[in-house]
Amino acid sequence: MSTQLPRRRFIQATAIGSIATTLPWNSLPRVCADDAQAQNLTVQFAADIEPLVRLLETTPRGDIITVCLQRIREGLSYQNMLAALQLAGIRNVQPRPSVGFKFHSVLVVNSAHLASIASPDEHRWLPILWAIDNFKSSQAQDVRENNWTMAPVDEAHIPTAAKAASQFTSAMDAWDEAAADTAAAALARTAGATRVFDHFIRYGVRDFRSIGHKAIFVANAWRTLQTIGWRHSEPILRSLAYALLNYDGNGSPAKRDELADRPGRENSERIAEIREDWLDGQLDDAATVELIEAVRTGTYQETSALVVQQLNRGVSPQSIWDGLFASASEMLMRQPGIVSLHTLTTTNAMRFAFDTCGEQETRKLILLQNAAFLPLFRSEMDRRGKVGGQQIDQLAPADSSLKTTEAISAIFDSVGKDSEAASRLTLAYLQSGGEVAPLMDAARLLIFQKGNDSHDYKFSSAVLEDFYKVTPQWRDRCLAASVYKLRGSHDRDNQLTQNAAQALRSSS
């Protein structure tokens, strides 16, 4: 083959060589081939949702409500707005240093959704608009801290479908972030939603770090995906795996013995002691009281062991759940605050997981871990300050004969001023046959109007949902205890409601 250049190519080559030698190119920085290629260092979403996510990311906080209202008026669907909100959060907000704090903008999305679908039609956009404004606040905080953004997945190391589950398990057991990231992506692409949940929830309840937020994130992420569509699962599962591997200290927890990990390790062995037909038990109110007493004073080992004993002697798991919900509610009464609040939001997530998980061994573990976590919550409450002596089984109803409207008004008039009185009024209302629906509606509307924190939505959505997860013997008391952290009629209106009202007036 001839090595001579055609005349035209020879002239072109000569001209290029002449330019290279006559112009001072060496004065400019060199550009390598990789740098010359367009690089996308941020994970990208589906083409139909990416522009809306970018709109949420780039619109200033002061304009975001007006812009979103305009898009809603133009026909933007609730489902797409919810999807964009969840995806904007997981791309822009890092679940570090703790799965909480600024990351509540992600954790709260499902709670806002639950509040929305349970509300009258005219109020259904308010929780979502609040969550969008909250995302903008968290986004700004993340920028101030380290401006983290989720990167694209490493396609070269994604395992095959046949190896995805085993790599995920190995990576999570070893606290290996890189391997867990690619395995999570593979599971999203190849495994069904229920199977994926079974994989993730075991690690969501594995350790007590971040006071229950890991279990909460698993439950809320999975529930949000059921609304926005599984096609959005990959980045959400990657964020979830990253969050579940969050820990403090030096060195992998796999190589250390910390209190946060001990219940999970011990209960993983203890589940083998549970009888085979453990789900076929009988309701036993005495067992519920027995568990409440154990949570008040026992260690996590003692409460876990008691649950095993109760299951083996034929107690229904429902009576155990009654004891867990009642114990968490009692903690809220004893020290209304951030720790006791999370006893209820964590128990809500773990009960959802118990109802949703298909793996029987994991369901046993969830039950034992919830029983173990409550004494750890109690210890954290002791560390933070004074703890009262209220007992939920001794809560007495107020002497009240008020009718529905007057009773509900009196309850929320007392919330924030005299929580014990509000609790007793609530119990009196429910035990006298008062309908729960208008009470819940009033509680939600006050959250919309006066809630100013992610926990307002997380807590209220959890406790109102859990009313129906508890047997009638205990549900009235649990809901009565919840008013210690609901919003009252005298609380100050939040700025978001005022801004949304002004934006609506301006655009009408």
Side-chain angles (χ1 to χ4, degrees), residues 107 109-111 113-115 117-118 191-206 212-227 230 233 236-237 240 244 264 267 271 274-284 287-288 291 304 307-308 310-311 315-329 342-374 436 440 458-475 478-479 482:
L107 300 174
V109 172
N110 179 67
S111 300
H113 169 63
L114 291 179
I117 61 176
T194 301
R195 186 61 178 155
V196 167
F197 183 82
D198 288 352
H199 282 302
F200 274 84
I201 193 56
R202 188 173 187 91
Y203 294 99
V205 303
R206 168 174 60 174
H213 282 117
K214 293 186 178 184
I216 292 168
F217 189 16
V218 177
N220 284 5
W222 196 87
R223 296 178 76 169
T224 303
L225 280 168
Q226 305 318 298
T227 301
W230 193 250
S233 63
I236 294 174
L237 294 182
L240 183 53
L244 296 182
N267 284 330
I271 59 176
I274 299 174
R275 65 191 177 99
E276 185 175 349
D277 54 347
W278 64 287
L279 290 171
D280 298 323
Q282 299 296 316
L283 291 175
D284 186 340
T288 298
L291 181 55
S304 299
V307 168
V308 173
Q310 291 182 333
L311 290 172
V315 175
S316 167
Q318 179 58 56
S319 291
I320 294 171
W321 280 113
D322 284 351
L324 297 175
F325 279 116
S327 294
S329 299
H342 284 95
T343 66
L344 285 158
T345 54
T346 299
T347 301
N348 167 267
M350 295 179 90
R351 176 57 192 263
F352 173 83
F354 180 85
D355 291 341
T356 305
C357 182
E359 293 286 345
Q360 292 304 303
E361 297 305 291
T362 305
R363 298 185 79 204
K364 296 175 187 176
L365 181 64
I366 292 166
L367 195 58
L368 297 191
Q369 286 291 84
N370 205 152
F373 283 3
L374 291 180
V436 72
M440 289 186 176
K458 283 177 55 192
F459 174 76
S460 61
S461 291
V463 296
L464 297 181
E465 178 180 62
D466 290 335
F467 178 81
Y468 297 103
K469 297 291 186 181
V470 182
T471 59
Q473 178 73 13
W474 291 95
R475 63 174 52 149
C478 289
L479 186 57
S482 73

Is it true that a side-chain atom of Arg206 and a backbone atom of Gly264 form a donor plus acceptor pair closer than 3.5 Å? no

Side-chain donor/acceptor of Gln318 to backbone N/O of Lys469, under 3.5 Å: yes

Are side-chain heavy atoms of Lys214 and Val218 found at a separation under 4.5 Å? no

Listed by chain and number, what are the side-chain contact (heavy atoms from CB on, under 4.5 Å) partners of Arg202, not counting sequence neighbours? Ser268, Thr362, Leu365

Say whether, by atom type as modelled, one donor and one acceptor occur between the side chain of Gln310 and the main chain of Ile320 under 3.5 angstrom. no

Closest non-hydrogen atoms of Ala349 and Ala215, given as atom of the first, atom of the second and distance, are CB-O, 3.8 Å

Spatial distance of atom CZ (Phe200) from atom CG (Leu237) [nearest 0.5 Å]: 4.5 Å

Heavy-atom count check: over 12 atoms from other residues, nucleotides or ligands less than 6.0 Å from Gln360 CD? yes

Between Ser329 and Leu344, is a side-chain contact (heavy atoms from CB on, under 4.5 Å) present by the stated rule, with each step listed? CA-CA 7 Å; Ser329 299; Leu344 285 158; 3.6 Å; yes

Nearest 0.5 Å, what's the CH2-CH2 distance between Trp230 and Trp222? 8.0 Å

Distance flag, aromatic centroids of Phe354 and Trp321, threshold under 6.0 Å: yes

Does any non-hydrogen side-chain atom of Ser111 lie less than 4.5 Å from one of Asn220? yes

With heavy-atom distances below 4.5 Å as the criterion, would you say the side chains of Leu291 and Leu324 are in contact? yes

Going through the distances and angles, do Leu311 and Leu367 end up as a side-chain contact (heavy atoms from CB on, under 4.5 Å)? CA-CA 11 Å; Leu311 290 172; Leu367 195 58; 4.1 Å; yes

Test log, rule side-chain contact (heavy atoms from CB on, under 4.5 Å), inputs Tyr203 and Leu240: CA-CA 10 Å; Tyr203 294 99; Leu240 183 53; over 6 Å; no

Please report the interatomic distance OG1(Thr356) to CZ(Arg363), rounded to the nearest 0.5 Å. 9.0 Å

Determine the interplanar angle of the Phe197 and Phe352 rings, folded into 0 to 90°, and report it as parallel if under 30°, tilted if 30 to 60°, perpendicular if over 60°. perpendicular

Of Asn370, Ile201, Thr345, Ile216, which is the lone residue that meets side chain to side chain contact (heavy atoms under 4.5 Å, CB included) with Met350? Asn370

Distance, nearest 0.5 Å, that separates CG of Asn267 from CD1 of Ile366: 12.0 Å

Please examine the side chains of His199 and Val196, heavy atoms only from C-beta on, and report whether any two atoms are closer than 4.5 Å. no

Starting at CG of Leu479, measure out to CZ of Phe325 and round the result to the nearest 0.5 Å. 12.5 Å

Show every salt bridge (charged side-chain N to carboxylate O under 4.0 Å, His left out) that has at least one partner inside residues 191-200, sequence neighbours left out. Arg195-Glu359

Test Arg351 against every option in Thr347, Asn348, Asp355 by the side-chain hydrogen bond (donor to acceptor under 3.5 Å, both in side chains) rule and name the one that passes. Asp355

Might you point out which heavy atoms bring Ile236 and Ala221 nearest each other, and give the distance in Å? CG2-CB, 3.9 Å

Once you round to the nearest 0.5 Å, how far does CG of Asn110 lie from CD of Gln226? 10.0 Å

Do the side chain of Asp277 and the main chain of Asp280 share a donor and acceptor less than 3.5 angstrom apart? no

Dump the intermediate steps for side-chain hydrogen bond (donor to acceptor under 3.5 Å, both in side chains) on Asp322 and Thr471, then the final yes or no. CA-CA 7 Å; Asp322 284 351; Thr471 59; 2.5 Å; yes

Please enumerate all residues that pass side-chain hydrogen bond (donor to acceptor under 3.5 Å, both in side chains) together with Arg223, with sequence neighbours excluded. Glu465

Any sub-3.5 Å donor-acceptor pair from Thr288's side-chain atoms to Ser319's backbone N or O? yes

